Structure formats: C-alpha cells, structure tokens
Amino acid sequence: MVGFGWRKPANVAGTSAPAILLSLFVATGGLLFGYDTGSINGILAMESFKKDFTTGYFDKEGVPGMYPSQVSLIVAMLSAGTMVGALISAPIGDLWGRRLSLIAALGVFCVGAIFQVCATNVALLVIGRTLAGIGVGVVSVLVPLYQSEMAPKWVRGTLVCAYQLSITAGLFAAAGVNILTHNMKGAAAYRIPIGLQLTWAVVLALGLLILPETPRYLIKRGYKDAAALSLSRLRRLDITHPALIEELAEIQANHEYELALGPDTYKDIFFGEPHLGRRTLTGCGLQMLQQLTGVNFIMYYGTDFFQKGGVDDPYLITLIMQIINMVSTLPGLFVVESWGRRRLLIVGAAGMAICQLLIASFATANGSNSETQSRILIIFVAIYIFFFAASWGPVVWVVTSEIYPLKVRAKSMSVSTAANWLLNFGIAYGTPYMVDTNRIEGSRSIDLGSRIFFLWGAFCILSIAFVWFMVYETSKISLEQIDEMYERVDHAWNSRRFEPSWSFQQMRDFGFSDSGIPPQEPQLELQQSRSSESQSETGGSSTNTATTSSQDDKLPIPIGHVDFSY
C-alpha cells in the first residue's frame, strides 16, 4: 500500500475513514449507468425482445428484428436524457445541495425504469429510457463532485476512480443477468434485466437520506456552522478541535478569494479567472475524447457486433469482456496517485491506439468474417478494454472533478459531462448505420464492420497530444491548491514540478502569501515592527510585553506541523 500512496500522512489530524467509506458508497451510483448500458446491449440481441417489439422488419434469414433507426433511437435516447440531466445538475446541485439533488435524480431514474418494464412498444420504451437517462445524467455529475468535495487529497483520485469501477461492475452484472435470461420464452427474458436496475437505485437513495452534505457546498451557501458539523462527522474530530477549525477556515478563505476574482455565472466558466476557460476546455475535451475512444461502441453493441462478426456464443464473450473491464479498473486505482493523472492517460491512449489499429488492419487484410479475424478481434478488443478501464475510464472523471474552483465547480462539471453525453448520443445513434452488415433497402449503412476501429484509433492518437498540452497534474495537492497551480504554471507539461506554497488565509488576512510574491511596504514594516517588539520583550520591558501580548492575541495560535487540506 505504501508504494501506491494510499497510506494516510502522519501529519494529517483526525481520521479519514468516514469520508472514504461515504465516498465509496456514493460511488455505487455508477452501477445505474453501467447496468443500463450492459442490459440494453444484450436485450437488443434477444429473440423474444425482437419478436415483441418488431414493427414488420425481417432480417435476411427471415427472423423478426428491428430497423437500425429503431435500434439507434432506443439506445441513444438514454444518452440524450443524460445530456439534459448533466446540464440541469448544476442549478439543482447548487440550489438543493449535492445530497438532495442525488436523491431526486434517483427518483426520476426509478420512474424511467418502471416505464421500461411496462413498455409494450418502442415509443413507451424510449420515453422510459429518456427519463432514466435524465436521472443518470444528474448522478454522473454529482457523484464525482460529492466525492471530490468529501475525499482526503491523498486518496481523492482513487475514490473518484471507484465511480468508474462501479460502472464496470454494473456492466458485468448486466452481462451475467442477460446470460441467465436471454433463452427464456416471453417478455420475462428482457423485463427481468430491466426491472433489476431498480434495486440498487432504491438502496442508494435510502442511504443518501442519512449521509451528510459536503462541507464545501455548505460553505458556498454560507452555512458555516452546518459545514463545521459535516466536517466533524467526516474527520471524527470535535467541532472545537484546532485542526478542524483551521481546515474549515482554509475552505472559507479559498471560497472568498475565488469570489473576489469574479462572479460564478455560466459566462464566467469560459472567461473567468484563474484560467477558467482553459479548465473548461480541458474538461470538455477529456470527456469527449473518452467517448471517441470507441468504448461505448463495444458496451452498447458488443453482443450484436460479435454475433455478426462470426464469434461463437457472443453472450459469453460479452460477459468475459465485462469481467476484463471490471478487473482492469483496479490497476488504475492502484497507480492513479503514484503515476499521476497525465502519465496514466497518455499510456492508456497509446495502448488503445495500438490495439484498435491492429484490429482494423487485420480486418482490412483478412476480411471481417474469417475465423482468424474473429480470434484477433476478441484478443485485441480484450487488451483494448484493459487499457481503457485502467486509464481513460476512471481518470477522466477524476480530472474533471478536481480542476474547477468551488464557485463554479458544479456548473463546469455539468458542462463537461454534458459534452461526454453529447458524444455518447452521437456514437450510440450513428454506430448502427456505420457498422451494420445487413443490406437493407432504403438503409444508408456504410458497412465498415471492424474497420471502424481505424476511426477510434485515430482519436486515441489525438488524445495523447491533448493530454500533453492541456491536462495539468492534480495528484497529491488539495482542491484549493489547484487554483494556485493554474495561476503559477504556464504549461501543462511543467505541472508535475509544481509545489504549492501559499495559504488562502494569508491571502485573505494579509493580502500576500509565501509563494514568492513580495508583500507591500506597509506589510513589511508591520512584520519588522512585530519582530523588534518580540526582541524587546526578551529584554524585560513591561510596556512592550503588554503590547506584544495584545498583538499576539490577534494572531493564529500555532498548533504544530499539521496538514489541514484535503
């Protein structure tokens, strides 16, 4: 554990166990999206589903099925809903709080799931998936936000990565359920997988009823006493403990400093300081490139794609892929702090690019339906999923939950996450037209087959350059210190050498910090005067002693070398 940077620093007061456990529990919100994605992947290939929802289409073998436009609509409307949910998450997250907004989102998700279970036609199914998507969209913004505002800095990246681990666990669970139900006769084959997604949504909502609100949100709303109580629960420290008081004061001072730089409007997330436009571009770019790696092509259409690619038992292969996806997330959790965000993203993008270009090259050379090509497809898709799950899957959520200042964090995260869902919608809707191998009269299918991996591979190469030039290294520093890094470090590739040096309390109380910026002359004189008075005190002057004591009463009481930030 020491090698992976998971040990609590010796100079950190209190305990981090409550914050870690709460963050891990909230991270299970990722199960909702993962399970929904995995279940629809298998449901679309079920014979009973095709028979019940067909509108007259038959494939070349005479089996009832669905037109590519219908498949696109069913899959993509979840992503359309998530984009809407991501955009509304900021105003409701700032108005109702992170916790209550999550509970409301889970309620909307449950309504959507009920609609899907009861659906007997495509229209009702699409409505249900859209409503569920709105709930997932809010969750996808507020869960990493809640985690980052709760988690200690020395394990913050790992805890936010747990959100992606929950997504992979949901995908794996859905693949297992699909294997157990896809041979059933009648509507039970697809209604059981859909209905099971209600289970954890209810459990998570009930758990959130007793969890605390984040202290950073409470400070933002001006509820300092409530913030102190929340921080006390997270740290297991008395509300009057000097370490807790100092940590709360640093969060308060940082928030006041940020507000002094400008308002917290949507315009400000693009044009505000310090460098908010660059940060918003970084978050949106990462979220869009995460989708353009092509992972949801496998997650949404993998079973059907493997089936058309000549792979035996595509349901079993899909289950194996989901096992790899879930297990491969663990290495990312282990090294996200020691390697850092930048290195892990670059290595992951390079590995994905190599695998995808090899898949597409072999498909072009050997044909898309040969036995050799099927084996190559399975092997390199598995390696590709390993690289994604260990890097771009979890780390993108980590970076976008860290790089924004408190005053605009919810707004910035909602915009960047909406960019993710916008690309998710585009890929989900457009993929059937790009890879469909059935020649359908009136269809505009491009019929790329496995050659579509040329496209995904090119975007992975672009991702390497984007990370090098745009992504700052945010590991091992507090959320407040990230503001300082963006002010002092000009280029992203120099961010690994950044050492935080100022306190926002100093900025608020004295107008300067220890970062090398010299204070104004009056402040210099004030420090010299305090120093001379201290020297006079040792000489025994009662007047100077009284004066110094009076001034010392106004200064912070030293409490030793303790790290108060997280």
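Everything numeric in this text was worked out from a predicted model, so none of it was measured.
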Would you please test N494 and F498 for side chain to side chain contact (heavy atoms under 4.5 Å, CB included) and show each step?
-> CA-CA 7 Å; N494 294 328; F498 168 74; over 6 Å; no
Sub-4.5 Å side-chain heavy-atom contact between [X] and [Y]:
X: E484; Y: V489; value: no
X: L276; Y: S412; value: no
X: P405; Y: R279; value: yes
X: E473; Y: R497; value: no
X: Y146; Y: L142; value: no
X: V408; Y: D268; value: yes
X: F25; Y: L211; value: yes
X: I43; Y: P193; value: yes

Pairwise distance [atom1]([X]) to [atom2]([Y]) - rounded to 0.5 angstrom:
X: L31; Y: D36; atom1: CG; atom2: CG; answer: 12.0 Å
X: I74; Y: L78; atom1: CD1; atom2: CG; answer: 12.0 Å
X: L159; Y: M150; atom1: CG; atom2: CE; answer: 11.5 Å
X: M288; Y: T293; atom1: CE; atom2: OG1; answer: 13.0 Å
X: R233; Y: L22; atom1: CZ; atom2: CG; answer: 7.5 Å
X: T318; Y: L171; atom1: OG1; atom2: CG; answer: 11.0 Å

Which atom names give the shortest non-hydrogen contact between [X] and [Y], and what distance separates them?
X: P18; Y: R236; value: CG-NE, 3.3 Å
X: F466; Y: L281; value: CZ-O, 3.8 Å
X: S230; Y: P212; value: OG-CB, 3.9 Å
X: V415; Y: Y266; value: CG2-CE2, 4.2 Å
X: V139; Y: G29; value: CG1-O, 3.9 Å
X: L319; Y: G176; value: CD1-N, 3.7 Å

List the atom pairs, donor and acceptor, that lie under 3.5 Å between side-chain atoms in residues 323-336 and the rest of the protein, sequence neighbours left out.
| residue | atom | partner | partner atom | Å |
| --- | --- | --- | --- | --- |
| S328 | OG | I324 | O | 2.6 |
| T329 | OG1 | N325 | O | 2.9 |

Flag the pair F387 / W392 as yes when their ring centroid distance falls below 6.0 Å, and as no otherwise.
-> no
Say whether, by atom type as modelled, one donor and one acceptor occur between the side chain of [X] and the main chain of [Y] under 3.5 angstrom.
X: Q197; Y: A113; answer: no
X: R129; Y: Q116; answer: no
X: S416; Y: G283; answer: no
X: Y163; Y: V143; answer: no
X: S23; Y: A19; answer: yes
X: K411; Y: T265; answer: no
X: R98; Y: Y217; answer: no
X: S148; Y: L145; answer: yes
X: Q322; Y: A175; answer: no
X: Q291; Y: L423; answer: no

With under 30° as parallel and over 60° as perpendicular, where do the rings of F388 and Y384 fit, or are they tilted in between?
->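 Taking Y384 first and then F388, their aromatic rings sit tilted (interplane angle of 30° to 60°).
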Residues forming a side-chain hydrogen bond (donor to acceptor under 3.5 Å, both in side chains) with R409, sequence neighbours excluded =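 Expected list: E149.
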Of all residues at least two apart in sequence or in a different chain, which pass the side-chain hydrogen bond (donor to acceptor under 3.5 Å, both in side chains) check with T400?
-> Q287
Check each of R343, R342, R341 against S475 using the side-chain contact (heavy atoms from CB on, under 4.5 Å) test, and report the only one that passes.
->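 By the side-chain contact (heavy atoms from CB on, under 4.5 Å) criterion, S475 pairs with just one of R343, R342, R341: R341.
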Between Q164 and S166, is any side-chain donor less than 3.5 angstrom from a side-chain acceptor?
->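 No pair is found: no donor N or O on one side chain lies under 3.5 Å from an acceptor on the other.
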Residue pair W421 / S140, side-chain donor-acceptor N/O under 3.5 Å | yes
Candidate pair W200 and Y35, rule ring pair (Phe, Tyr, Trp, His ring centres under 6.0 Å), full reasoning = CA-CA 10 Å; W200 191 252; Y35 185 88; over 10 Å; no
Which residues share a ring pair (Phe, Tyr, Trp, His ring centres under 6.0 Å) with Y472, sequence neighbours left out = Y486
With sequence neighbours excluded, residues passing salt bridge (Lys or Arg N to Asp or Glu O under 4.0 Å) with E213 =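 In terms of salt bridge (Lys or Arg N to Asp or Glu O under 4.0 Å), with neighbours along the sequence ignored, E213 is linked to no residue.
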Give every donor-acceptor pair under 3.5 Å between a side-chain atom in residues 102-112 and any protein atom, sequence neighbours left out.
none

Start with the C-alpha distance between I452 and W456, add both sets of side-chain angles, then the distance that settles side chain to side chain contact (heavy atoms under 4.5 Å, CB included), and finish with yes or no.
-> CA-CA 7 Å; I452 195 173; W456 310 138; 3.6 Å; yes
Can S401 and Q147 be said to form a side chain to side chain contact (heavy atoms under 4.5 Å, CB included), step by step?
-> CA-CA 8 Å; S401 71; Q147 290 177 292; over 6 Å; no
Taking atom CZ of F271 as the centre, report whether more than 12 heavy atoms of other residues, nucleotides or ligands fall under 6.0 Å from it.
->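 Not more than 12 within 6.0 Å, no.
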Verify the neighbour count for atom CZ of F115: are there more than 12 heavy atoms of other residues, nucleotides or ligands below 6.0 Å?
-> no
Please walk me through it: do T37 and V75 pass side chain to side chain contact (heavy atoms under 4.5 Å, CB included)?
-> CA-CA 8 Å; T37 301; V75 175; over 6 Å; no
